[in-house]
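Written out below as structure tokens is the structure these notes cover.
Every chain is numbered from 1 and lettered A, B, ... according to where its sequence line falls, protein lines coming before strand lines.
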Amino acid sequence: MELSKNYEPQATEIKWNLHWRNEGYFTSTPDERPAYTVVIPPPNVTGVLHMGHTLNETVQDILVRKARMSGFNACWVPGSDHASIATESKVVQMLKEKGIDKNTLTREEFLKYAFEWKEKYGGIIYNQIDRLGCSVDWSRVTFTMDDHYYKAVMKVFVDFYNKGLIYRGARMINWDPAAKTALSDEEVEFKDLQGTLYYLSYKLVEENGNDLGETISIATQRPETIMGDTAICVNPNDERFAHLKGKYALVPLIDRKIPIIFDDYVDTTFGTGALKVTPAHDINDYNLGLKHTLEVVDTLNEDGTLSEAAQIYVGEDRFVARKKIIAELQKKGFLTKTEEYQTRLGYSQRSGAVVEPRISTQWFVKMKEMAEPALKAVIDGEIKIHPGEKFLATYKYWLENVKDWCISRQLWWGQQIPAWYDDKGNMVVAENEYDALQQMQNTFGTISVHGGKLVQDEDVLDTWFSSWLWPMEVFKGISEPGNNTEIDYYYPGAVLVTGQDIIFFWVARMIMAGMHYKDQKPFSNVYFTGMVRDKQGRKMSKSLGNSPDLLDLIDKYGADAVRFGIMISSPAGNDLLFDEASLEQGRNFNNKLWNALKLLKMWEGRQAPTTDERIAVQQPVRDLHADLDVIAATESSETRNFAIEWFESRLNSVRAEMETMYGQFKLSEGLKTLYSLIWDDFCSWYLEWIKPGFEQPIDADIYQKTVGFFEELMQMLHPYMPFISEEIYHLLKERTLDDDLAIKQFAPIQPTKKQILAEGDLLKKVISALRDARNKNQVKPKETIKLYIQTNDRDDYSDIELILAKQVNADSIIYTTSTPANTIVVAVEKDKFYIESEKEIDAVAVKDELEKDLKHQQQFLESVIKKLSNERFVANARTGVVDLEKKKQADALARIKVLEESLSNL
RNA sequence: GGGAGCAUAGCUCAGUUGGUUUAGAGCAUCUGCCUUACAAGCAGAGGGUCCGCGGUUCGAACCCGUGUGCUCCCACCA
């Protein structure tokens, strides 16, 4: 078969994706094997996957494939999240572009649009996951608004309500005036910015309204809220204001009379020492208001415009009104001073609007008691966070200081709160209307409703109120808990792979829900990936245009190259600077593999019978000139092949290394290690060592062994780069049906031979040194040389001399005890090598090299001697350390001797 | 304001309980090669006061203190 010049990913990827799916390799059902469960962090159906998802999915797929190939029943559940507010604002935006105003639609009409949106983007997301090669179980795909899921959410809400863990009440919450909904604390993002502090003077009056002829100055960032002021507060210990007890102030512009109150909350050193109190629009003022039973005047509408209560500028947007009010205050002399001020503003994570503190009636979850077991699970190490301690402190702090969770949202897209009201405002909480009616009757005796229908709460639930059930409900662990073999088998999961940005939103809450309903952690490990940034370190965002399209990348480089590129530079927990150059590296790696395959396929037809011992032995030799010395060496060696033994040991040693790295979730390092094993050890060294001479046959045994190595390398690579590994595995030889890497189980790791590895290292070192000497002396690559070796341990070279000769293009190797004339000398460890070639020798250059090396060695020796002559070192150093230094000393001395001899011989 | 983390080659990062030939990798750079698998390649090379200062120790990239510079999280001072 003719193989293409370069690897062509497109057709290959489609082929194997289809094959794997047809064989049902990724479909999991409970069996006798241990389960390895991973639930995907369900992407929001707000849009397509970005590079952050790509990193997450790749990490998960590597872990899942590795587990599947290591005896586990791997189950990776895919799905998506309805992402209540995020999706709703996208849909609203989309409708707006079509000229449709959400307010003109009924709830049902809007939901129809939303579901269409979900179908479209959900589809794109699933396609992306598929193209990336993710080995998910498509028979288990779950959406957070599926019927059973919806039911589970209702059930949990009712259950929590009945347990007293959910309550409804009027509180000050974060209000998003753009989306016109409440937000949880976690959905508010703070940004530092330069603000202005306005100093306003309020006229002081007696209770009866008589002017005191005095003013009090306060500082505020929000002059548009003065109409909501219901007091001025000063510190009771502040002598400046002691005389104002029982006095009042007049709110500028509207002349409303408000009391002066005293509370040590006020910092006497900040601003003017006097604070205007606006309970409706500031959380601190709200608390002050509660304490001093102040009136609450809400001067804003839900969309952020000024309300009737403001009396002036009614209907104007808050920011427009601010400007106008400032102008008016200035004009009328109330504004005495302005000051630049560093401040922080809360923004809605989804709509971007400046969040308003607002008093409103919402639903809350009590968090305190649920936090305890969730904290314990992590502190006790039942759940391990990777990488390490970094996030433990954050997690702990949040749980220890957790506040109640506002879960109601004034939206349509999501699970509607199962609270039901009758005409009199009586309320019951029940999973459906039928139950609600029953309950209403039982609780209140009569039902007062028009047309026999109760009214359901208009609000929907925070999207995380459904997401936190994910590890359980994907197996119907909430909706059908009884007799459920799936949840018993798959729960808890092995690992959760997610971004550190949702540690509170999701991770902590999943642990809470899991501990609450299963009395067990939802997963054993949490692996936090870093944030994907562009190569300048900026966040990826649509507005910057630095977020590439995943499918475009896959089209351009192939899925394996994308996976490679994103993994090669993403140490756990660190941010990843995404650069297409690393995808190119991945593509180049593909081609490297492809070319190695081509080389093997070339040899396939040129195998000589295994019985031909001469070929077996001489395989490493290119076209060895019949030099007596070499022949003698050849005949004395056994019929074993050094290259094969060496690579076998390398392979097994790397497998063991990678096993450790998997255990520590060091996936990026694992890939680097494997990359180097394949590119350097296998391609650059091993294949060159066994490569037969020009148009020479290859020993059949060596060939078969090599195919075996390649297979094993592909198996190791499979979790990282599933497509090309599977393709090469199949092109290497004919396979029986079902003999696919996707499910091939790893063989046990064999012990490595340290001696062989050491010999290999020496061989590589000598080859590099000799090549370097050739280079520096401008001996042309094609030119053959005569190589002399001067050593006291000729045995060191018996295994490797043939390979050495070939790799440095020597047509003969001669062991010598004296310095041959007119040769380039190279010293490696304690032996000397001499290159004899046609080329005139540049004695000066050789001398320089030797002298440089000598100087280095002498300095090194000096440092060792210094150490050894330090009595305290010899007395205190751990056993072995002194011996090691002595060995260093001996080695350095031997090497200096070699170098000095070489120099004197020049 | 509180807390956490980071600082090692031009860039991105390794560096296991302090001692392993006076610091390693990939990318980038430079030199030489179109060598019958691969120029998306091959063979080599150069490149570091391990952020500054002080301390502990026989010995510090690693431990402690301090300064500087970044990053992140949390927080109700107008």
Side-chain angles (χ1 to χ4, degrees), chain A residues 3 5-7 172 190 197 218-222 233 265-267 269-272 274-278 282-288 341 343-344 357 389-394 397-398 401 500-501 503-504 531 535 537 568-571 573-577 579 581-582 584-585 587-603 666 668-669 672-673 675-676 683-684 687-688 691 694-695 767-768 771-776 778 780-782 807 809 856-857 859-864 867 870-878 880-882 884-885 887-889 891-892 895:
Chain A
L3 294 175
K5 183 174 185 302
N6 288 325
Y7 173 62
M172 180 153 269
F190 289 92
L197 212 48
I218 58 94
T220 180
Q221 290 182 65
R222 303 198 57 188
C233 188
Y265 164 78
V266 178
D267 180 352
T269 61
F270 189 90
T272 62
L275 167 71
K276 80 184 193 67
V277 186
T278 322
D282 184 281
I283 180 70
N284 302 303
D285 293 12
Y286 177 70
N287 291 333
L288 266 179
Y341 181 66
T343 190
R344 253 166 42 105
E389 315 272 296
K390 206 167 163 184
F391 300 103
L392 191 62
T394 326
Y397 184 86
W398 188 78
N401 296 281
Q500 59 216 11
D501 51 330
I503 183 165
F504 307 134
M531 186 180 292
K535 62 176 166 182
I568 200 71
S569 50
S570 68
N574 278 19
D575 283 357
L576 173 150
L577 302 190
D579 186 351
S582 58
E584 278 174 40
Q585 199 188 342
R587 183 193 55 191
N588 296 352
F589 185 39
N590 276 338
N591 277 326
K592 189 68 184 176
L593 295 167
W594 193 246
N595 279 298
L597 172 72
K598 274 164 51 180
L599 179 64
L600 260 70
K601 295 317 275 184
M602 213 178 76
W603 290 345
K666 291 186 172 173
S668 177
E669 288 177 31
K672 281 177 188 163
T673 306
Y675 175 78
S676 162
C683 293
S684 296
L687 287 180
E688 294 299 331
K691 188 186 268 182
F694 183 59
E695 291 189 342
I767 292 170
S768 291
R771 280 173 174 170
D772 186 29
R774 288 185 59 123
N775 244 349
K776 291 203 166 108
Q778 288 155 349
K780 290 255 173 326
K782 276 183 183 163
Q807 295 305 288
N809 201 10
H856 181 261
Q857 290 299 326
Q859 280 173 346
F860 175 67
L861 180 66
E862 228 169 276
S863 77
V864 175
K867 226 182 222 182
N870 182 337
E871 279 168 34
R872 284 185 299 179
F873 167 70
V874 181
N876 292 323
R878 253 197 347 242
V881 173
V882 177
L884 202 75
E885 289 301 316
K887 185 175 180 299
K888 282 189 203 172
Q889 184 184 26
D891 288 353
R895 189 149 164 75

Worksheet item: For atom P, what is the distance between B:C13 and B:A75, given to the nearest Å?
Response: 28 Å
Worksheet item: What integer distance in Å separates A:N401:CG from B:C73:C1'?
Response: 13 Å
Worksheet item: Would you say the side-chain atoms of A:R771 pair up with the backbone N or O of A:P781, donor to acceptor, closer than 3.5 Å?
Response: no
Discussion item. Checking base pairs now: Watson-Crick or wobble, both atom distances under 3.5 Å. What partners B:A7?
Written reply: B:U68
Worksheet item: Heavy atoms under 4.0 Å, any strand shown: does A:Y397 hit a base, just sugar-phosphate, or nothing?
Response: sugar-phosphate
Discussion item. Quick check on B:U12: is either OP1 or OP2 less than 4.0 Å from any side-chain nitrogen or oxygen of A:S569?
Written reply: no
Fill in: P-based separation of B:A25 from B:C64 [nearest Å]
29 Å
Worksheet entry | Any side-chain heavy-atom pair of A:K598 and A:N595 under 4.5 Å | yes
Worksheet item: Which of these nucleotides, B:G44, B:A78, B:C42, is closest to any side-chain atom of A:D267?
Response: B:A78
Discussion item. Between B:U8 and B:G15, how far apart are the two P atoms, rounded to whole Å?
Written reply: 14 Å
Practice prompt. Could you check whether A:T278 gets within reach of a base, just the sugar-phosphate, or nothing at all, counting any heavy atom under 4.0 Å?
Written response: nothing
Worksheet item: Are A:Y265 and A:N287 side-chain neighbours, meaning at least one heavy-atom pair lies under 4.5 Å?
Response: no
Fill in: Residue pair A:W594 / A:L3, side-chain heavy-atom distance below 4.5 Å
yes
Polar atom pairs (N or O), protein with nucleotides 38-40 of chain B, under 3.5 Å:
from  : atom 1 : to     : atom 2 : distance (Å)
B:C38 : O4'    : A:N595 : OD1    : 2.9
B:C38 : O4'    : A:N595 : ND2    : 3.3
B:C38 : O2'    : A:N595 : ND2    : 3.3
B:C38 : O2     : A:K592 : NZ     : 2.8
B:C38 : N3     : A:K592 : NZ     : 2.9
B:A40 : O4'    : A:N588 : OD1    : 3.4
B:A40 : N1     : A:N591 : ND2    : 3.3
B:A40 : N3     : A:R587 : NE     : 3.2
B:A40 : N3     : A:N588 : OD1    : 3.3
B:A40 : N3     : A:N591 : ND2    : 2.7

Discussion item. Quick check: on RNA chain B, is the nucleotide nearest A:W603 upstream (toward 5') of the one nearest A:I767, or the reverse? Name the residue that is more 5'.
Written reply: A:W603
Fill in: Pairing partner of B:A60 (Watson-Crick or G-U wobble, both distances under 3.5 Å)
none
Discussion item. Taking the P atom in each of B:C62 and B:U57, what is the distance between them to the nearest angstrom?
Written reply: 16 Å
Discussion item. Determine whether a donor-acceptor pair (N or O, by modelled atom type, separation under 3.5 Å) exists between the side chain of A:N401 and the backbone of A:Y397.
Written reply: yes
Practice prompt. Select base, sugar-phosphate, or nothing to describe what A:L275 touches, counting heavy atoms under 4.0 Å on all strands.
Written response: base
Practice prompt. For B:C50 versus B:G24, give the span between their C1' atoms, rounded off to a whole number of Å.
Written response: 12 Å
Discussion item. If you define the side chain from C-beta out and look only at heavy atoms, does anything of A:K672 sit under 4.5 Å from A:S676?
Written reply: no
Practice prompt. Would you classify A:V266 as touching base, sugar-phosphate or nothing, given that sugar-phosphate means primed atoms plus P, OP1 and OP2, and contacts are heavy atoms under 4.0 Å?
Written response: base
Worksheet item: Which one is paired to B:A45, where only Watson-Crick or G-U wobble pairs with both distances under 3.5 angstrom count?
Response: B:U29
Practice prompt. For B:G46 versus B:U29, give the span between their C1' atoms, rounded off to a whole number of Å.
Written response: 9 Å
Discussion item. Rounded to whole Å, please give me the gap between CG in A:N775 and P in B:U31.
Written reply: 13 Å
Response to the item:
Whether each nucleotide of nucleotides 18-29 of chain B has a protein heavy atom under 4.0 Å at its base (B), only at its sugar-phosphate (S) or at neither (-) is summarised, 5' to 3', as -BSBB---SS--
Fill in: Per A:R771 side chain, nearest of listed nucleotides B:C73, B:A78, B:G44
B:G44
Discussion item. Please report the distance, rounded to the nearest Å, between CD in A:Q500 and P in B:A4.
Written reply: 17 Å
Worksheet item: With distance as the sole test, does A:N809 use its side chain to make a donor-acceptor pair with the main-chain N or O of A:K782 at under 3.5 Å?
Response: yes
Worksheet item: In whole Å, what is the span from the CD atom of A:E669 to the P atom of B:C13?
Response: 13 Å
Worksheet item: Expressed in angstrom and rounded to an integer, what is the separation of A:L600 atom CG from B:U36 atom P?
Response: 18 Å
Worksheet entry | Passing candidate, side chain to side chain donor-acceptor pair (under 3.5 Å) with A:D891, options A:K888, A:K887, A:Q889, A:R895 | A:K887
Worksheet item: Across all strands shown, which nucleotide pairs with B:G1 by Watson-Crick or G-U wobble geometry, both distances under 3.5 Å?
Response: B:C74
Item to complete: Rounded off to whole Å, could you give me the CG-to-C1' distance for the A:L599 and B:G41 pair?
Response: 14 Å
Practice prompt. Quick one: label A:R222 by what it contacts on the DNA or RNA (base, sugar-phosphate, nothing), any heavy atom closer than 4.0 Å.
Written response: nothing
Discussion item. Measuring from the side chain of A:Y265 (C-beta onward, heavy atoms only), which nucleotide among B:C77, B:C73, B:G44 has the closest atom?
Written reply: B:C77
Discussion item. With rounding to the nearest 0.5 angstrom, report the CG to CD1 distance, A:D772 to A:I767.
Written reply: 13.5 Å
Fill in: A:L288 and A:L275, any side-chain heavy atoms less than 4.5 Å apart
yes
Discussion item. As an exercise, state the distance from CG of A:L599 to CE of A:M602, rounded to the nearest 0.5 Å.
Written reply: 5.5 Å
Worksheet item: Is the closest side-chain heavy-atom distance between A:L687 and A:W603 below 4.5 Å?
Response: yes
Practice prompt. Nearest 0.5 Å please: distance from the CG atom of A:D579 over to the CD1 atom of A:I568.
Written response: 13.0 Å
Response to the item:
Picking from B:C77, B:C58, B:G44, the nucleotide nearest the side-chain atoms of A:N870 would be B:C58
Worksheet entry | Rounded distance in Å - CG (A:D575) to C1' (B:A7) | 15 Å
Worksheet entry | Nearest-Å distance once atom P is located in both B:A7 and B:U16 | 12 Å
Worksheet item: In whole angstroms, how far is the P atom of B:C33 from the CD atom of A:Q778?
Response: 9 Å
Worksheet entry | Any-strand Watson-Crick or G-U partner of B:U22, both distances under 3.5 Å | none
Response to the item:
For B:U16, the nucleotide meeting Watson-Crick or G-U wobble distances (both under 3.5 Å) is none
Practice prompt. Tell me what A:S582 touches on the nucleic acid: a base, only sugar-phosphate, or nothing, going by heavy atoms under 4.0 Å.
Written response: nothing
Discussion item. Between B:C42 and B:U36, how far apart are the two P atoms, rounded to whole Å?
Written reply: 15 Å
Worksheet item: Side chain of A:K782: nearest nucleotide among B:A14, B:U35, B:G44?
Response: B:U35
